[in-house]
Amino acid sequence: MTLPQNKSALLVSSAILLRQAGYDLKAIEVLQDAIHDDPGFAPAYVLLGALYQATSSDAQAEIFFRKALEIEPDNTEALQGLGLFLISQNRYSEALPYLEKHLQKNPTDSLSLDGLLEAFHHLPGREEKIQVTLKTAWEQSKNTEFGIRYGRYLLDQGDPQEARNVLTAVVEISTTARTLSELALTCLLTNDCIYATHLLQKAVEIDPQFDRAWRGLAQCYNEARNFDKGLEAAERAIAINPNHYRNWQAKSDVLLSLGQFDQALLASQKGIEIIHSKAEGKAEAEPVLAVLYLQRFAAFIRLGHLENAVAEMTLARQEIPNDHRFYQYPVEILSTTNQANQALEILDSVSNPDLMERLAALKFKVLHQLGRSQEALNFIRPYLEKKSEERLNVLADIGADFYQHGLSEPAIAVYRQLVDLKPNDGRFSSNLGYFLIEKGETTQAEELLIQVADHPKVGLFGEIAHCDLAYLYNITGAYEKSRKASAAVLESKYRKEEAMLRVSFWVNGKMQPDPISIPGRLMTLEDAARACGAAAAMAATQITRAQSIVEDLRKDSANKSLVGMIAGCVEAAKGDLSAAIETWNQVLNAVNNTPDESALRAWMVLSK
């Protein structure tokens with residue numbers, strides 16, 4: 001053994017041995033002697049700081065760390081010691097300069113890196129600093145662990161392509177089962193399942209006992225719909241480590257894809273039990289725990305056990321109370337099975353303001369479904385103060401969804417509120433007008449639609465309003481107005497755009513409303529305008545004009561069933577009932593919806 005050359009260094013070495021043997025107080029006495037002998041010997045102060053910190057004498061610890069830096073401002077041990085001490089005291093801003101300086105001098109030191117990252121995580125607005133720190137640590141050190149950490153951070157930040165670039169460089173330095181698996185994850189997230197599979201196959205060749213690579217292969221095979229291999233890979237992972245919850249999650253995923261829902265329930269439950277059995281690491285396992293509960297929810301839904309699915313989400317909320325999915329999914333199930341009151345109870349149980357903000361639109365929807373429209377408006381107003389445009393569009397989608405499912409009353413209530421909140425929005429006003437036509441409130445519908453059609457800055461919605469007006473005027477007998485509205489659409493640059501619209505039919509001397517009144521037909525504006533124009537022409541006994549419109553439809557329209565329905569109407573208007581019935585019969589064999597089929601049969605009976 002080579003002994004230190006001076007007494008102070010010898011005393012410090014003795015103190016280190018005493019500390020290793022557990023004699024902290026005796027080590028402190030020895031170090032005090034070293035300082036007395038040489039007051040400028042910085043290592044003694046550093047070790048004293050560490051010893052006082054270990055014995056919970058925090059004030060003394062800080063004094064000695066700082067004294068060491070007064071003597072030697074670049075002493076790396078003192079820089080790290082004081083920085084990590086301040087982190088332990090939650091004094092993150094104070095810790096930053098010492099840890100940053102230490103890491104500059106020692107770019108491969110993981111302790112300082114961990115401390116620095118912890119400080120950044122606790123200080124607002126430091127996300128960019130975290131990324132720069134990780135990037136610098138990786139680029140300066142080319143340390144595999146730092147490269148992996150940097151890649152994972154990029155994944156967390158939603159940049160899988162850059163993470164893939166970093167981890168590709170890591171694999172070039174160190175090709176192991178672990179680094180290949182890390183890179184494979186980025187490939188999966190960049191939709192390169194084939195290369196991810198190749199990487200993971202190579203990983204299990206290097207280390208056949210690396211269960212993480214096997215469960216990654218299970219995911220790849222599952223996405224490639226190679227379910228037998230996926231299940232085999234998941235079982236291999238379990239055989240290697242039956243106590244890792246992620247391996248059971250991988251198996252449950254494949255079983256869900258195979259439609260083996262009872263088995264998926266068993267696998268996901270096993271994963272949950274493993275997490276529950278762990279005394280430590282539950283926070284780290286929480287994202288997987290959430291997935292396991294969602295797997296069970298999906299399995300119960302597919303089995304038709306809706307009560308069990310809702311109950312599973314109750315258990316999930318008890319363990320992970322701030323995951324919006326555990327509220328949203330059962331609420332959606334309950335609200336679509338006429339259990340809106342139970343859905344509202346779940347939403348009313350939310351106490352976290354951020355979570356409530358995320359679920360606010362869903363609560364607005366449920367309140368409308370219960371007919372409590374004013375309460376819904378009062379509830380949602382505060383949330384519209386921020387991101388108002390985005391949130392109004394979400395509410396508009398809710399109203400449209402109501403209408404799509406035949407719930408016209410809540411749909412109209414939602415859109416009345418939207419029009420009040422934003423009167424000049426073309427979408428809101430035209431949709432409300434469209435809904436009101438079906439309810440027979442044609443006067444208000446006309447006012448709204450004219451307002452939109454005449455507005456110079458609503459674009460597509462102005463022409464949708466013209467289509468709706470053409471339909472409204474036909475069913476109210478204003479045929480010349482209908483013709484003008486149709487003509488405006490046909491002159492528009494939006495004529496080829498699609499929307500949910502209605503068309504009327506002139507049958508046996510009467511104007512018939514659209515058989516598909518709710519929600520209407522998805523068609524081009526051009527088709528809707530021509531269909532309404534043909535009906536208006538027949539009503540005005542302009543049969544030649546109606547025939548011309550049908551020829552244009554035959555030439556340009558992809559909606560052959562609709563063209564056939566209108567063509568039959570023209571034949572009937574001409575008085576050739578046999579030709580009309582023959583045309584409608586041909587359409588009857590092609591239509592794929594019950595309302596049109598019922599209407600065609602009724603028209604043929606009337607014509608006979």
Taking only distance into account, with no hydrogens and no angle test, what donor-acceptor pairs under 3.5 Å do side-chain atoms of residues 209-217 form with protein atoms, sequence neighbours excluded?
residue : atom : partner : partner atom : Å
D211    : OD2  : R215    : NH1          : 3.2
D211    : OD2  : N247    : ND2          : 3.0
R212    : NH1  : E182    : OE2          : 2.9
R212    : NH2  : E182    : OE1          : 3.2
R212    : NH2  : E182    : OE2          : 3.1
W214    : NE1  : P208    : O            : 2.9
R215    : NH1  : N247    : OD1          : 2.9

Pairs involving residues 184-208, ordered by first then second residue, that meet ring-ring contact (aromatic ring centres under 6.0 Å, His included) (sequence neighbours left out)
Y195-H198

Restricting to ring pair (Phe, Tyr, Trp, His ring centres under 6.0 Å), what partner residues turn up for H122, sequence neighbours left out?
Y92

Residues forming a ring pair (Phe, Tyr, Trp, His ring centres under 6.0 Å) with Y329, sequence neighbours excluded:
F297

State plainly whether the residues [X] and [Y] are in salt-bridge range, i.e. N to O under 4.0 Å.
X: E145; Y: R149; result: no
X: K202; Y: E205; result: no
X: K105; Y: E100; result: no

Would you please indicate yes or no on a ring centroid separation below 6.0 angstrom for Y45 and F41?
no

Under a 4.5 Å cut-off applied to non-hydrogen side-chain atoms, are [X] and [Y] in contact?
X: L231; Y: K251; value: yes
X: P321; Y: N352; value: no
X: I206; Y: T175; value: yes
X: Q80; Y: F65; value: no
X: E77; Y: L47; value: no
X: E232; Y: F227; value: no
X: L189; Y: R164; value: no
X: D425; Y: L418; value: no

Hey, could you give me the [atom1]/[atom2] distance between [X] and [Y], rounded to the nearest 0.5 Å?
X: F120; Y: L99; atom1: CZ; atom2: CG; result: 9.0 Å
X: L367; Y: N378; atom1: CG; atom2: CG; result: 10.0 Å
X: H276; Y: L289; atom1: NE2; atom2: CG; result: 5.5 Å
X: L199; Y: I194; atom1: CG; atom2: CD1; result: 12.0 Å
X: N322; Y: E286; atom1: CG; atom2: CD; result: 9.0 Å
X: Q104; Y: L79; atom1: CD; atom2: CG; result: 10.0 Å

Could you tell me whether a side-chain N or O of [X] sits under 3.5 Å from a main-chain N or O of [Y], the two making a donor and an acceptor?
X: S112; Y: D109; result: no
X: N393; Y: E389; result: yes
X: S388; Y: E385; result: no
X: W248; Y: P242; result: yes
X: N106; Y: H102; result: yes
X: T190; Y: C187; result: yes

Are there more than 12 heavy atoms of other residues, nucleotides or ligands under 6.0 Å from atom [atom1] of [X]?
X: R91; atom1: CZ; value: yes
X: K101; atom1: NZ; value: yes
X: K135; atom1: NZ; value: no
X: Q161; atom1: CD; value: yes

Could you tell me whether the side chains of [X] and [Y] share a donor-acceptor contact shorter than 3.5 Å?
X: E332; Y: Q328; result: yes
X: T179; Y: T176; result: yes
X: T314; Y: R317; result: yes
X: Y98; Y: R66; result: yes

Using salt bridge (charged side-chain N to carboxylate O under 4.0 Å, His left out) as the criterion, list what pairs up with R246, not counting sequence neighbours.
none

Using the salt bridge (charged side-chain N to carboxylate O under 4.0 Å, His left out) criterion, which residues pair with D323? Sequence neighbours excluded.
R325

Closest non-hydrogen contact found for G115 with L84 is CA-CD2, 4.1 Å

Set out, in order, the CA-CA distance, both residues' side-chain angles and the distance that settles salt bridge (charged side-chain N to carboxylate O under 4.0 Å, His left out) for D401 and K365, then state yes or no.
CA-CA 10 Å; D401 186 64; K365 179 179 180 178; 3.3 Å; yes

Decide side chain to side chain contact (heavy atoms under 4.5 Å, CB included) for Q53 and S88; before the verdict, give the C-alpha distance in whole Å, the side-chain angles of both, and the deciding distance to 0.1 Å.
CA-CA 10 Å; Q53 184 178 354; S88 73; 3.7 Å; yes

Decide yes or no on side chain to side chain contact (heavy atoms under 4.5 Å, CB included) for L294 and E312, but give the supporting numbers first.
CA-CA 8 Å; L294 292 172; E312 198 68 30; over 6 Å; no

Under the side chain to side chain contact (heavy atoms under 4.5 Å, CB included) rule, what do L395 and L384 come out as? Steps first, then yes or no, please.
CA-CA 10 Å; L395 303 187; L384 299 178; 4.2 Å; yes

Please work out which of the three classes, parallel, tilted or perpendicular, describes the rings of Y52 and F64, given edges at 30° and 60°.
parallel

Which residue in the set Q295, K270, R296, Q269 passes side-chain hydrogen bond (donor to acceptor under 3.5 Å, both in side chains) when paired with S252?
Q295

Could you go through the side chain to side chain donor-acceptor pair (under 3.5 Å) check for Y245 and E273 one step at a time?
CA-CA 8 Å; Y245 48 85; E273 289 170 0; over 6 Å; no

In sequence, state the C-alpha distance, the side-chain angles, and the governing distance for I301 and L303, and then conclude on side chain to side chain contact (heavy atoms under 4.5 Å, CB included).
CA-CA 5 Å; I301 291 292; L303 288 167; over 6 Å; no

In this structure, which one of K363, R391, K387 forms a salt bridge (charged side-chain N to carboxylate O under 4.0 Å, His left out) with E357?
R391

